[in-house]
Amino acid sequence: MTYLSPTPIKDALRSNAPIDAVRLQGWVRTRRDSKDFSFIELNDGSSLRNLQIIARNTLSNYADVQRLTTGASIAVSGALVASQGKGQKWELVADKIEVIGTAEDSYPLQKKGHTPEFLREIAHLRPRSNLFSSILRVRSRLAFAVHEFFQDRGFIYVHTPIITGSDCEGAGELFRVTTLDPAAAESRTTDGEIDYKKDFFARPTYLTVSGQLEAEALALALSKVYTFGPTFRAENSNTSRHASEFWMIEPEMAFCDLNGNMTLAEEFVKYLIADARKHCPDEMELFAKFVDKELLVRIDFVVERPFQRITYSDAVDLLKKSGEKFEFPIDYGLNLQSEHERWLTEKHFKCPVTVFNFPKEIKPFYMRLNEDGKTVAAMDLLVPGIGEIVGGSQREERLEVLQENMRRHDMVPADYKWYLDLRRYGTAPHSGFGLGFERMLMFITGVPNIRDVIPFARTPGSAEF
RNA sequence: UCCAGCGUAGCUCAGUGGUAGAGCGGUCGGCUGUUAACCGAUUGGUCGUAGGUUCGAAUCCUACCGCUGGAGCCA
C-alpha cells in the first residue's frame with residue numbers, strides 16, 4: 001500500500017494554488033449533509049482552522065461516511081480546490097475517505113462551547129477543543145521563544161538537578177524523594193526514626209523548588225546562563241495561580257546588578273508577548289473573542305509602554321496615601337498583599353510594575369544587602385490580573401555578609417560549603433530571577449486558571465491523568 | 001489550610017415540599033454548497049454519596065466526596 005505523505009492542514013490552508021493530490025489525516029469536528037454529498041470539517045491540531053472536506057455520494061463507503069460523528073479519526077485523499085462556498089478559501093474534494101476510528105455517541109466534546117471546568121475533567125480529550133489546542137500551540141511557541149530570547153543574548157542553557165539534597169532553598173514545601181519503604185523495619189534506626197543513611201542517596205533528598213543556587217555556580221563560570229525546566233512545590237495552595245508541578249525560567253548573570261536584572265526581566269516579558277502576537281495570530285484572536293475581550297488592548301499596552309519601577313518604601317507610601325480601604329494593613333516591614341499589588345498595577349499605574357529594594361526581614365538569605373543595611377536588592381515584577389510573575393534579586397557576593405545573613409536566618413553556614421565556596425574563589429556581583437512559565441502563559445492568553453495552561457495539571461489532591 | 005458558593009440527561013441549565021423538564025448532542029425522516037446549517041419526530045436520569053425529617057424530598061437538615069471563587073504561601 002502506497003500513500004502520499006500526509007499534509008498538515010495548516011499547510012493545505014496556506015496553499016497558493018490548487019493541488020491535484022493531497023492526503024490529510026485528522027479528527028472530524030462536525031459533519032453536515034447536503035443533497036448529493038456531505039461536508040466534513042477536519043482538524044489535525046496543526047492549526048486552529050479546520051479544512052472543509054467534500055465527500056460525494058459516489059464514494060464507495062459513503063454510507064460509512066454519513067455515519068461519521070464528531071471525534072472520529074479519518075484519512076482523506078483528494079484534490080485541494082478553491083471553495084465554492086463562503087468562509088474558506090480552500091476545500092478538499094475527496095476521492096477516498098478511510099475511517100480510521102469511529103467515535104461513540106457519548107463523545108463528550110461538541111461543536112458548542114464547553115466550560116473550562118468541564119474540560120478539566122476530560123484532560124485526555126480537551127486537547128481536541130479549539131481553546132486547548134490553541135493554548136498548547138502558544139505554549140509550544142513561547143517555549144521556543146524563551147530559548148530564542150536567551151540564546152540571542154549569549155546565554156548558555158544549563159540543566160540544574162531535579163533531585164536536590166538542599167532542603168532550604170528559600171521557597172516552599174518540598175516533595176520528598178526516597179526509595180525507602182516507610183513501613184519496613186529495615187528503613188528505620190533502632191530508635192524508630194527513618195534512617196536516611198540507608199536511602200538511595202544516603203541522605204534526605206527532594207524535588208527541586210528552584211535551580212537558582214546551582215545556576216549561580218554555573219553563572220560564575222559561564223557568565224550568563226538560564227534554566228528552563230520543571231519545578232515542584234508541595235504547598236497546599238488551592239488557587240487559580242498555583243500548581244504543584246510547573247515550569248520555571250531562571251536566568252543568572254555574573255557581573256550584573258539589580259538594575260541590569262530588572263531591565264532583562266522587563267525586556268523578556270515584552271519579548272514573549274510580542275512573539276505570541278506575531279506567531280500565533282489566530283490563537284490570540286480566539287482568546288480575545290472567547291476568554292478575555294480586553295486581552296489584546298492590555299498586552300499591546302504592556303509591550304508599548306515602559307514598565308514602572310518603584311522602591312518598596314515608595315510603594316508603601318503610595319498605598320498609605322491612596323485613601324483606599326484595604327482589608328490587610330499596609331506598613332513598612334510588612335509583605336505587600338495581593339490587594340496591594342493589584343491596586344498598584346491595576347488602579348494606580350495601570351501597567352506592569354517592578355517593586356524593588358525590600359526590607360531584608362521579609363526576603364531570603366541569599367539576597368544582597370544594600371548600603372542602607374536595612375533593605376536587600378530584591379525585585380518583584382507585578383502584572384495586572386496575575387500579580388507576581390517574576391521574582392528576583394542581586395545575590396550576596398560578599399562571603400562575610402552572606403554568612404551573617406545565614407546565621408540571621410537560623411541556617412548553619414557549614415551546610416552550604418559549596419555555595420559559600422563561590423564567594424571564596426573569584427566572587428563577583430551576580431543577579432537573576434525566576435519567571436513562572438505558566439503564569440506568563442496565563443497573562444498572554446488571558447486564561448484565568450493555571451490548570452488550563454498545563455496539559456495535565458498537578459494540584460493538591462489531583463493527579464488523575 | 002481558612003471563608004463562601006455549586007453538584008439535576010453526553011453538554012449547558014430550569015425546576016425551591018406533591019407525575020423529572022428545555023435547548024444542544026445522538027438516532028430516524030425531510031430540505032439543502034453548507035458554515036455552531038435548518039424543519040419534524042425520537043432517544044436519553046440511582047437529581048454527587050450516605051444518613052435523617054416528612055404521608056410525600058431534586059427541593060428541608062447532617063456528614064462526607066468533588067468542583068468553583070476568594071484568602072494565605074509563592075512563581
Side-chain angles (χ1 to χ4, degrees), chain A residues 29-41 49-56 66-71 81-88 91 93 102-122 125 129-130 169-173 208-212 230-250 265 290 326-328 335-339 341-342 362-364 380-383 386-392 433-443 448-453 459-462 464:
Chain A
R29 279 298 174 77
T30 175
R31 188 183 55 78
R32 296 179 287 275
D33 280 328
S34 190
K35 194 174 181 188
D36 300 318
F37 55 92
S38 195
F39 294 103
I40 300 169
E41 300 260 356
R49 294 166 195 252
N50 306 322
L51 188 68
Q52 178 164 284
I53 312 280
I54 308 297
R56 295 208 170 107
Q66 284 196 297
R67 276 196 295 273
L68 285 173
T69 54
T70 305
V81 303
S83 177
Q84 297 174 30
K86 287 173 191 159
Q88 61 279 318
E91 63 190 19
V93 179
T102 57
E104 295 179 16
D105 61 17
S106 58
Y107 184 66
L109 286 167
Q110 297 172 23
K111 290 175 274 190
K112 299 213 167 192
H114 288 292
T115 61
E117 292 78 15
F118 168 67
L119 291 170
R120 252 171 246 159
E121 295 168 16
I122 50 165
L125 295 173
S129 69
N130 284 338
E169 297 185 5
E173 300 284 321
T208 184
V209 294
S210 164
Q212 181 201 313
T231 307
F232 306 87
R233 304 271 167 95
E235 296 282 356
N236 192 7
S237 299
N238 292 288
T239 82
S240 56
R241 307 179 303 282
H242 289 84
S244 311
E245 175 183 308
F246 63 98
W247 282 58
M248 189 155 64
I249 297 138
E250 295 181 286
F290 293 111
F326 292 114
E327 190 187 340
F328 290 90
N335 268 310
L336 297 182
Q337 303 289 318
S338 289
E339 57 175 347
E341 297 178 348
R342 294 181 84 119
I362 59 173
K363 289 291 177 184
D380 284 352
L381 202 168
L382 313 174
V383 295
I386 313 280
E388 185 178 342
I389 200 165
V390 169
F433 63 81
L435 177 137
F437 186 52
E438 282 80 9
R439 287 196 180 168
M440 192 67 212
L441 278 170
M442 290 167 72
F443 184 61
N449 196 308
I450 197 166
R451 298 173 183 96
D452 298 333
V453 295
T459 51
S462 178
E464 188 189 348

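For clarity, every value in this text was computed on a predicted model and none was experimentally measured. A note on names: the letters A, B, ... follow the listed sequences, proteins ahead of strands, and every chain is numbered from 1.
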task: Please tell me which of the listed nucleotides, B/C74, B/C11, B/U32, lies nearest to the side chain of A/H114?
output: B/C11
field: Closest to the A/P108 side chain, choosing from B/G10, B/U35, B/A75
entry: B/G10
To the nearest Å, give me how far apart [atom1] ([X]) and [atom2] ([N]) are.
X: A/I40; N: B/U35; atom1: CD1; atom2: C1'; result: 14 Å
X: A/Q110; N: B/U27; atom1: CD; atom2: P; result: 12 Å
X: A/Q337; N: B/C74; atom1: CD; atom2: C1'; result: 12 Å
X: A/Q66; N: B/G30; atom1: CD; atom2: P; result: 11 Å
X: A/E235; N: B/G72; atom1: CD; atom2: P; result: 13 Å
X: A/K35; N: B/G33; atom1: NZ; atom2: P; result: 7 Å

Report which part of the nucleic acid [X] touches: base, sugar-phosphate, or nothing (heavy-atom distance under 4.0 Å, all strands).
X: A/I54; result: base
X: A/E117; result: sugar-phosphate
X: A/F246; result: base
X: A/S38; result: nothing
X: A/F37; result: base
X: A/E121; result: nothing
X: A/R120; result: sugar-phosphate
X: A/T231; result: nothing

In Å, rounded to the nearest 0.5 Å, how long is the span from [atom1] of [X] to [atom2] of [Y]?
X: A/Y107; Y: A/I122; atom1: OH; atom2: CD1; answer: 7.5 Å
X: A/N335; Y: A/F328; atom1: CG; atom2: CZ; answer: 11.5 Å
X: A/E173; Y: A/N236; atom1: CD; atom2: CG; answer: 9.5 Å
X: A/D380; Y: A/L336; atom1: CG; atom2: CG; answer: 8.0 Å
X: A/S244; Y: A/R233; atom1: OG; atom2: CZ; answer: 11.0 Å

message: For A/F118 versus A/P108, what's the shortest heavy-atom pair and its separation?
response: CZ-CB, 3.7 Å
Atom [atom1], compared across [N] and [M]: separation rounded to whole Å:
N: B/U49; M: B/A36; atom1: C1'; answer: 36 Å
N: B/C24; M: B/C38; atom1: C1'; answer: 14 Å
N: B/U8; M: B/G66; atom1: C1'; answer: 16 Å
N: B/A14; M: B/A9; atom1: P; answer: 12 Å
N: B/G33; M: B/A58; atom1: C1'; answer: 47 Å
N: B/G45; M: B/G21; atom1: P; answer: 13 Å
N: B/A50; M: B/A57; atom1: C1'; answer: 15 Å
N: B/G15; M: B/C6; atom1: C1'; answer: 16 Å

Could you identify the nucleotide paired to [N], looking across every strand shown and requiring Watson-Crick or G-U wobble geometry with both distances under 3.5 Å?
N: B/A4; value: B/U68
N: B/G26; value: B/U42
N: B/A36; value: none
N: B/U59; value: none

message: Could you go through A/L119 and A/D452, starting from their C-alpha distance and side-chain angles, then the distance that decides it, and tell me whether this counts as side-chain contact (heavy atoms from CB on, under 4.5 Å)?
response: CA-CA 9 Å; A/L119 291 170; A/D452 298 333; over 6 Å; no
side-chain N/O A/S240 vs B/G70 OP1/OP2, d < 4.0 Å: yes
- prompt: Does a nitrogen or oxygen in the side chain of A/S338 sit under 4.0 Å from OP1 or OP2 of B/G72?
  reply: yes
Write down the protein N/O and nucleotide N/O pairs, taken from nucleotides 46-48 of chain B, whose separation is under 3.5 Å; answer none if there are no such pairs.
none

message: Syn if the chi torsion is within 90° of 0, anti otherwise; quick check, which is B/U16?
response: syn
query: Do A/I40 and A/R31 have side-chain heavy atoms sitting under 4.5 Å apart?
result: yes
- request: Between A/N449 and A/G85, just flag the one whose closest nucleotide in RNA chain B comes earlier from the 5' side.
  value: A/G85
- prompt: Between A/R342 and A/E91, who's closer to the 5' end of RNA chain B by nearest nucleotide?
  reply: A/E91
message: Each nucleotide in nucleotides 2-8 of chain B should get exactly one letter: B, S or -. Can you fill that in based on protein heavy atoms under 4.0 Å?
response: -------
Check: [X] side chain, [Y] main-chain N or O, donor-acceptor pair, under 3.5 Å:
X: A/T231; Y: A/V209; value: no
X: A/T69; Y: A/A103; value: yes
X: A/T70; Y: A/R29; value: yes

If you go through the side-chain atoms of [X], does one of them form a donor-acceptor pair with the base of [N] closer than 3.5 Å?
X: A/Q84; N: B/G33; value: yes
X: A/S237; N: B/C73; value: yes
X: A/R241; N: B/A75; value: no

Distances under 3.5 Å only, N/O to N/O: pair up the protein atoms with those of nucleotides 36-40 of chain B.
from  : atom 1 : to     : atom 2 : distance (Å)
B/A36 : N1     : A/G113 : N      : 3.4
B/A36 : N3     : A/K111 : O      : 3.4
B/A37 : OP1    : A/K111 : NZ     : 2.5
B/A37 : OP2    : A/R32  : NH1    : 2.8

